Amino acid sequence: MAGTCVVGLQWGDEAKGKIVDLLSGEHQFAVRYNGGANAGHTVVWGNRTFRLSLLPTGVLHPHLQAVIGNGVVVYPPRFVEEVNQLIEGGVRVGDNLVISDHAHVIFPYHLEEEKLIESGGSSNAIGTTGRGIGPCYQDKVSRVYGIRVGDLLKPDFLRERLEFIVPRKNKLIHAFNPSVTPFDPQQVCDQYSAFAEKLRPHVRNTTKLLQDGLNAGKRMLFEAAQGSLLDIDHGTFPYVTSSSTLPSGIWAGSGISTRKIDRIIGVIKAYTSRVGRGPFPTELDDGPDGLGERIRKIGREYGTVTGRPRRVGWLDAVALRYTSTLADVNEVTFMLLDVLSGLDELFICTAYEYRGERTSDFPSDADDLAACKPIYERLVGWHEDISTARAWADLPSNAQRYVERVSELLQLRVSYVSVGPDRAQTIIR
Ligand code: GDP
Ligand code: IMO
Ligand code: MG
């Protein structure tokens, strides 16, 4: 048993990046298994701030072997940009970063296809990050249009594939929007062949690399991107992302059996946030002078990837019971508790009212979830600044009570409490 998984239990942005960073010392591998550059993880070390989208957060620690697994979708321009940013920031990036030859590649036509679906205020829009994630996974699953990282390294094969795919994509895009300039297969091929040379030193059979690592007794840290409620199968479909965000995605997305994972850490933000569309029962949609806006400002709830204001609301224990069970977590971490300081009262949703009935089950249909009204438990708040707390005993009793109540409702131990973005602003329990 040699693996840990860090997984968000809400709709993403639970501060998974901070937890991954804190756990880096105990591991030798850091692995991304799902999603792509739709993720946005912020890590703060004193006056240095790092933002990672496509690369595993573990790449910040050169002692770790950072792995972009086969389940990830890779946009080469973003890969190169992120590596350059790290090098400029003084982080060594070389052999310590590898990409699976089986990971699928995002092309410019994927971004265009996503725009067609998402633009024009369409009522079918999901509110995606616009990073080409859905269309690329679509091509992976449909097979004929999918191109993998390994294919980029075979120039003749790549040219052949693009000569087949690009004209078909052009036809499709033109049918929906004739004003889009068609893509030139040669140009796309030249551009991606140039990227291929930048990627080449990092491309590996990562499944074999990980299996060999396990056999050599190395410990692996699996970094889930997005949150459990955005999981393609178990999330609030269709308002989800296109990958398995739950730990179940590890096996398919890295080649490592989930039987090897002995620690699954569920990351919970002290309230709830969501970017993009979709039901959100505990949302505080109470205008520019409301509590929602106050939490958004204090918590700096604006998307790392798109800059969009995140929707915010109270903690939802019904949703958390659902996701913590699905993710089969052993423990949870409680993040951004400091953001709730200064409130007279706090609310935790412990059940829903659905068609006049009380239920503590999370509905399986997004429309049913939208029809649920939260039933709240009220707790007394605290007014002290808790951002300098470094031990459990430093927290005001009402802050302790809030954390303990969530722990009780989920029947799970809280292993870390976070009271600020910095690494040091953490209470280990
Ligand atoms: P991720 O996508 O789950 O890794 O989370 P993000 O990095 O997108 O969002 C979390 C944000 O909260 C980042 O800007 C972090 O720097 C910040 N953050 C992390 N922990 C805390 C905390 O305890 N308090 C506050 N105020 N901010 C935090
Ligand atoms: P991290 O890893 C929050 C959301 C988008 C949209 C939906 C689908 O930082 O927690 P996509 O571009 O994936 O097709 O968009 O999923 N979304 C996220 N929300 N945090 C993320 O990642 C997200 N990644 C995707 O806003 O609603
Ligand atoms: Mg994020």
Side-chain angles (χ1 to χ4, degrees), residues 6-22 32 34-45 48-54 56-57 72-73 75 106 110-111 113-114 117-118 125-138 223-232 235-243 245 266-280 295-311 333-341 385-387 389 416-427:
V6 172
V7 57
L9 295 184
Q10 293 151 316
W11 279 289
D13 303 322
E14 299 90 348
K16 298 175 290 295
K18 174 169 172 173
I19 293 296
V20 166
D21 179 55
L22 287 172
R32 277 277 307 263
N34 77 297
N38 49 348
H41 309 305
T42 305
V43 172
V44 183
W45 301 342
R48 300 175 76 191
T49 299
F50 300 96
R51 289 190 182 83
L52 296 144
S53 277
L54 173 60
T57 302
V72 174
V73 285
Y75 187 51
I106 299 176
H110 289 131
L111 307 183
E113 286 179 275
E114 186 165 11
I117 303 165
E118 287 286 308
I126 305 292
T128 67
T129 59
R131 293 286 172 105
I133 306 296
C136 182
Y137 277 120
Q138 218 171 303
E223 308 181 7
Q226 290 80 53
S228 300
L229 293 169
L230 292 171
D231 183 272
I232 182 72
T236 49
F237 189 89
Y239 304 104
V240 292
T241 189
S242 302
S243 67
T245 62
V267 184
I268 299 176
K269 188 181 280 195
Y271 47 95
T272 313
S273 70
R274 171 163 210 170
V275 211
R277 296 182 58 214
F280 182 175
I295 293 176
R296 180 157 37 247
K297 283 220 172 86
I298 299 173
R300 291 192 222 122
E301 292 293 353
Y302 300 89
T304 322
V305 175
T306 57
R308 289 179 290 178
R310 294 177 185 148
R311 299 157 65 194
T333 68
F334 210 73
M335 314 303 285
L336 291 102
L337 185 61
D338 54 299
V339 173
L340 298 182
S341 295
D385 171 12
I386 60 168
S387 63
Y416 291 88
V417 177
S418 177
V419 293
D422 196 83
R423 219 169 194 263
Q425 291 174 296
T426 312
I427 296 165

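Please read these numbers as outputs of a predicted model, since none were measured by experiment. When a ligand or atom number is given, it counts from 1 through the structure's own listing order.
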Undergrad: Looking only at heavy atoms, what is the nearest atom pair of Gly130 and Leu111, with distance?
TA: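 Closest approach of Gly130 to Leu111, heavy atoms only: O-CD2, 3.9 Å.
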Undergrad: Which distance, rounded to the nearest 0.5 Å, do you find between the OG1 of Thr333 and the CD1 of Ile19?
TA: 4.0 Å
Undergrad: What I want to check is whether the side chains of Lys18 and Thr426 have a donor and an acceptor closer together than 3.5 Å.
TA: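 Lys18 vs Thr426: donor-acceptor pair found between side chains.
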Undergrad: Please report the closest heavy-atom contact between Ser228 and Val7, naming both atoms and the distance.
TA: OG-CG2, 3.8 Å
Undergrad: Considering heavy atoms of the protein only, find what lies nearest to atom 24 (N) of ligand 1 and give residue, atom and distance to 0.1 Å.
TA: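 Scanning the protein heavy atoms, the shortest distance from atom 24 (N) of ligand 1 goes to Asp338 OD1, 2.7 Å.
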Undergrad: Looking only at distances, please establish whether an N/O atom of ligand 1 is found under 3.5 Å from an N/O atom of Gly17.
TA: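 The answer is yes, given that Gly17 and ligand 1 share an N or O pair closer than 3.5 Å.
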Undergrad: To the nearest 0.5 Å, what is the distance between OG (Ser418) and CG (Leu337)?
TA: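 Output value for this atom pair is 8.5 Å.
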Undergrad: Given side chains that start at C-beta, do those of Asp422 and Gln425 come closer than 4.5 Å, heavy atoms only?
TA: yes
Undergrad: Closest non-hydrogen protein atom to atom 5 (O) of ligand 1, residue and atom name please, with distance?
TA: Ala15 N, 3.2 Å
Undergrad: How close does the nearest protein non-hydrogen atom get to atom 17 (C) of ligand 1, and which residue and atom is it?
TA: Pro421 CB, 4.1 Å
Undergrad: Please identify each residue that fulfils ring-ring contact (aromatic ring centres under 6.0 Å, His included) with Phe280, with sequence neighbours left out.
TA: Trp11
Undergrad: At under 4.0 Å between heavy atoms, is it the side chain or the backbone of Val339 that contacts ligand 1, or both, or neither?
TA: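 Only the side chain of Val339 comes within reach of ligand 1.
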Undergrad: Specify the protein heavy atom at minimum distance from atom 13 (C) of ligand 1: its residue, its atom name, and the distance to 0.1 Å.
TA: Thr42 CB, 3.6 Å
Undergrad: Decide yes or no on side chain to side chain donor-acceptor pair (under 3.5 Å) for Gln10 and Ser273, but give the supporting numbers first.
TA: CA-CA 8 Å; Gln10 293 151 316; Ser273 70; over 6 Å; no
Undergrad: With heavy-atom distances below 4.0 Å as the criterion, list the atoms of ligand 1 near Ser418.
TA: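 Atoms satisfying the 4.0 Å criterion: 20 (N), 21 (C), 22 (C), 23 (O).
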Undergrad: Select all protein residues for which some heavy-atom-to-ligand 2 distance is less than 4.0 Å, and list them by chain and number.
TA: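 Ligand 2 is contacted, at a heavy-atom distance under 4.0 Å, by Trp11, Gly12, Asp13, Lys16, Asn38, Ala39, Gly40, His41, Gly127, Thr128, Thr129, Ala225, Gln226, Leu230, Val240, Thr241, Val275, Gly276, Arg308.
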Undergrad: With sequence neighbours left out, write down each residue that passes side chain to side chain donor-acceptor pair (under 3.5 Å) with Tyr137, or none if nothing qualifies.
TA: none
Undergrad: Name the residue from Asn38, Thr129, Thr245 that meets the side chain to side chain donor-acceptor pair (under 3.5 Å) definition with Gln226.
TA: Asn38
Undergrad: Tell me whether Gly299 reaches ligand 1 (any heavy atom closer than 4.0 angstrom to a ligand atom).
TA: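 Checking ligand 1 against Gly299, which is what was asked, there is no heavy-atom contact under 4.0 Å.
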Undergrad: Closer than 2.8 Å to the Mg ion (ligand 3), how many protein N/O/S atoms do you count?
TA: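 Count of protein N, O, S atoms less than 2.8 Å from the Mg ion (ligand 3): 2.
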Undergrad: Looking only at non-hydrogen atoms, which of Ile19, Leu336, Thr333 approaches atom 27 (N) of ligand 1 most closely?
TA: Leu336
Undergrad: Quick one: CG on Leu340 to OH on Tyr271, what's the gap to the nearest 0.5 Å?
TA: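 So the CG of Leu340 and the OH of Tyr271 are separated by 7.0 Å.
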Undergrad: Under 4.0 Å from atom 11 (C) of ligand 1, do we find at least one protein heavy atom?
TA: no
Undergrad: Nearest 0.5 angstrom please: Asn34 CG to Thr241 OG1, how far?
TA: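 Going from the CG atom of Asn34 to the OG1 atom of Thr241 covers 7.5 Å.
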Undergrad: Assess Lys18 for proximity to ligand 1: is some non-hydrogen atom of it under 4.0 Å away?
TA: yes
Undergrad: Quick one: which of Leu52, Val6, Val43 gives a side chain to side chain contact (heavy atoms under 4.5 Å, CB included) with Val20?
TA: Val6
Undergrad: Write out the residue and atom name of the closest protein heavy atom to atom 6 (P) of ligand 1, then the distance separating them to 0.1 Å.
TA: Gly40 O, 3.5 Å
Undergrad: Looking at CG of Leu9 and NZ of Lys16, how far apart are the two atoms once the value is rounded to the nearest 0.5 Å?
TA: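 If we round to the nearest 0.5 Å, Leu9:CG and Lys16:NZ are 9.5 Å apart.
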Undergrad: Give the intermediate values and the outcome of side-chain contact (heavy atoms from CB on, under 4.5 Å) for residues Thr42 and Phe50.
TA: CA-CA 6 Å; Thr42 305; Phe50 300 96; over 6 Å; no
Undergrad: Using a strict cut-off of 4.0 Å, indicate which atoms of ligand 1 neighbour a heavy atom of His41.
TA: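 The atoms of ligand 1 under 4.0 Å from a heavy atom of His41 are 1 (P), 2 (O), 4 (O), 7 (O).
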Undergrad: One pair to check against side-chain contact (heavy atoms from CB on, under 4.5 Å): Arg311 and Val275. What are the steps and the verdict?
TA: CA-CA 6 Å; Arg311 299 157 65 194; Val275 211; over 6 Å; no
Undergrad: Is the shortest distance from a heavy atom of Arg310 to ligand 1 less than 4.0 Å?
TA: yes
Undergrad: For ligand 1 and Ile298, I'd like to know whether there is a polar contact (N/O to N/O, distance under 3.5 Å).
TA: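 In fact, backbone or side chain, Ile298 has no N or O that close.
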Undergrad: Checking side chain to side chain donor-acceptor pair (under 3.5 Å) against Glu301, which of Arg308, Arg274, Lys269 comes through?
TA: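 Exactly one pass, corresponding to Lys269.
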Undergrad: Would you please determine whether Gly420 falls within less than 4.0 Å of ligand 1 on a heavy-atom basis?
TA: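 Yes, Gly420 has heavy atoms under 4.0 Å from ligand 1.
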